[in-house]
Amino acid sequence: MSILEKLGITVNPKLRAVALTGAGISMESGVPIFRGRGSIWEIPEARRLASRAGPPWNTKETWEFYEWRRKLVSQCKPNVAHYTLAEMEGYFENFWLITQNVDGLHKKAGSKNILELHGNMWKGRCTKCGRVVELLETPLASLPPYCVCDYALRPHVVQFGEPIDRETLSQAFTAARQSELFFVIGTSGVVSPASQMPLLALENRAKVVEINPNPTALTPYMSLSIRGKAAEALPQFWKELLTSVDIS
Ligand code: NAD
């Protein structure tokens with residue numbers, strides 16, 4: 001049976017498509033995930049620095065942890081899965097990329113319609129005047145970096161328990177609700193509200209396809225689960241979708 005028969009859809013540029021990505025898509029680029037084997041917490045220095053970071057998040061200690069992460073990611077390049085998603089954006093007339101990642105690799109790969117649910121480690125935010133500024137250089141000249149209003153910036157990254165930017169979230173929910181084809185790539189599906197989005201897509205009778213080497217909390221609901229690494233399985237699946245190669 002072909003993928004198209006399994007999914008019961010005809011892929012064409014008019015399909016409203018959405019991809020939700022998590023830390024797993026950047027794993028092949030060398031960015032560690034958050035849970036399980038290969039996670040950032042297996043690195044003693046990450047644990048040490050993270051234990052010193054915390055509210056109000058604009059301290060030297062918090063930035064030391066973020067500078068460690070920023071340096072690591074600065075040495076990483078987008079992988080073929082990031083590039084495939086950029087290609088998919090070019091194919092579909094209506095395509096949204098919802099990401100939980102903060103590493104900026106989707107933008108580097110050429111994606112444009114990106115909704116960054118959890119912010120971006122290459123930006124800082126002033127909690128006094130509200131400015132969001134790009135901080136692309138690493139190492140930064142000062143820790144913490146300062147806003148033009150002379151207040152210490154915090155990383156523009158959503159911490160556990162903090163709300164997601166309302167506009168970004170609303171756009172992501174709308175995209176998920178209206179989608180007809182929804183990809184879930186490299187996420188454990190345990191962080192809400194991102195984990196609700198594939199379920200909203202299902203309510204719209206979208207076909208939801210998961211790509212992950214391991215089963216996840218979302219697996220039981222999927223129209224199709226592909227067990228594999230994003231950098232291998234996604235480009236292959238995309239090619240098969242376009243050419244409708246027999247996979248049975
Ligand atoms: P997670 O760490 O909870 O789960 C990662 C998932 O990726 C797992 O299900 C794992 O099986 C899968 N995976 C591992 N290797 C893979 C591969 N090669 N290809 C595809 N999938 C693979 O990540 P999450 O669900 O994104 O939630 C973690 C939270 O931590 C997010 O909120 C995110 O903001 C943050 N985070 C971001 C980054 C990043 O920006 N790259 C990295 C770590 C954590």
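Being a predicted model, the structure only gives us computed values, none of them experimental. Note that ligands are numbered from 1 as they come in the structure, with each ligand's atoms numbered from 1 the same way.
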Using a 4.0 Å cut-off to any heavy atom of [X], which atoms of ligand 1 qualify?
X: Gly22; answer: 26 (O)
X: Pro32; answer: 42 (C), 43 (C)
X: Val31; answer: 41 (N)
X: Val102; answer: 39 (C), 40 (O)
X: Ala230; answer: 17 (C), 19 (N), 20 (C)

Output yes when the distance from some N or O of ligand 1 to some N or O of Asn214 is under 3.5 Å, and no in every other case.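 Yes; at least one N/O pair falls below 3.5 Å.
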Can we call the ring centroids of Trp63 and Tyr146 under 6.0 Å apart?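 No - the distance between ring centres of Trp63 and Tyr146 does not fall below the 6.0 Å cut-off.
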Are [X] and [Y] within salt-bridge range, i.e. N to O under 4.0 Å?
X: Lys60; Y: Glu67; answer: no
X: Arg69; Y: Glu45; answer: no
X: Glu93; Y: Lys14; answer: yes

Any chance you could lay out the ring pair (Phe, Tyr, Trp, His ring centres under 6.0 Å) test for Phe160 and Trp57, step after step, and finish with the verdict? CA-CA 12 Å; Phe160 283 107; Trp57 304 108; 9.7 Å; no
Taking atom 12 (C) of ligand 1 as the reference point, the nearest protein heavy atom with its distance: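 Its nearest protein heavy-atom neighbour is Asn212 OD1, 3.4 Å.
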Looking only at heavy atoms, is any part of Lys229 under 4.0 Å from ligand 1, and if so is it the side chain, the backbone, or both, or is it neither?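 It is both parts that get close, each with some atom under 4.0 Å.
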Quick one: look at Asp103 and ligand 1, take heavy-atom pairs under 4.0 Å, and tell me if it's side chain, backbone, both or neither.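 Both the backbone and the side chain of Asp103 come within reach of ligand 1.
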Out of Arg35, Arg227, Glu28, Met27, whose heavy atom sits nearest atom 18 (N) of ligand 1?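 Shortest heavy-atom distance from atom 18 (N) of ligand 1: Glu28.
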